[in-house]
Amino acid sequence: MQYVVPVVIGVLYALLNSLLREPHRRRVNALMIAGAGAVYISGGGLGGWEFPFTGLLTYVAYRGLESWTFIGIGWLLHTAWDIVHYFKGSPIIPFAHSSSLGCAICDPVIALWCLRGGPSLRELVRGGRPAAA
């Protein structure tokens, strides 16, 4: 279950977001990656390194306002940060030791959807790529 639930969460995230119309869907996801870049700051598990990472993901999110590729890259960067936090023992949710591992499993699922262009549910069912926004 520890490995299945994060995948289900990632799929649900993509499905729910696919209900938003473009360009709002892309912009909401850019905001989400900006927020994801800052979630570890309050825990400070990696000390001062949390700040450059937050800056990097803020830049990636800004570029993501116009590019699904940057949003996907942002989720992959966050995956790497989750893995570092998991092995360092400073989880995203302080009282849930494996929360960073779960996030590291969930984030690539979201990244794949983003790297496909964040298709809507209709586009997912048809198997096509989203129309350019």
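Just so it is clear, the model here is predicted, and its values are computed rather than measured.
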Do you know the tightest heavy-atom contact between [X] and [Y]?
X	Y	answer
P108	T79	CD-OG1, 3.4 Å
H78	C103	CE1-SG, 3.7 Å
A30	A61	O-CB, 3.3 Å
P91	H97	CB-O, 3.6 Å

**Request:** Could you tell me which residues satisfy side-chain hydrogen bond (donor to acceptor under 3.5 Å, both in side chains) with W75, sequence neighbours excluded, listed by chain and number?
**Result:** none
Straight-line distance of [X] [atom1] to [Y] [atom2], nearest 0.5 Å:
X	Y	atom1	atom2	answer
L19	R25	CG	CZ	8.5 Å
R27	E22	CZ	CD	8.5 Å
I41	T54	CD1	OG1	3.0 Å
L65	N29	CG	CG	11.0 Å
Y62	F70	OH	CZ	11.5 Å

**Message:** So, applying side chain to side chain contact (heavy atoms under 4.5 Å, CB included) with C114, which one of T69, N17, L76, I71 is it?
**Reply:** I71
Okay, side chain of [X], backbone of [Y]: is any donor-acceptor separation there less than 3.5 Å?
X	Y	answer
S120	E123	yes
S18	P119	no
K88	L46	no
H85	S100	no
S67	R63	no

**Message:** Under a plain distance cut-off of 3.5 Å, with no hydrogens placed, do Y13 and D107 share a side-chain donor-acceptor pair?
**Reply:** no
**Prompt:** Can you say whether the rings of W81 and F53 are parallel (under 30°), tilted (30 to 60°) or perpendicular (over 60°)?
**Reply:** parallel
Are [X] and [Y] in one and the same hydrophobic cluster, where Ile, Leu, Val, Met, Phe, Trp and Tyr link if side-chain heavy atoms are under 4.5 Å apart?
X	Y	answer
F87	L101	yes
I9	W113	no
F95	I92	yes
L112	I110	no
I33	L15	yes

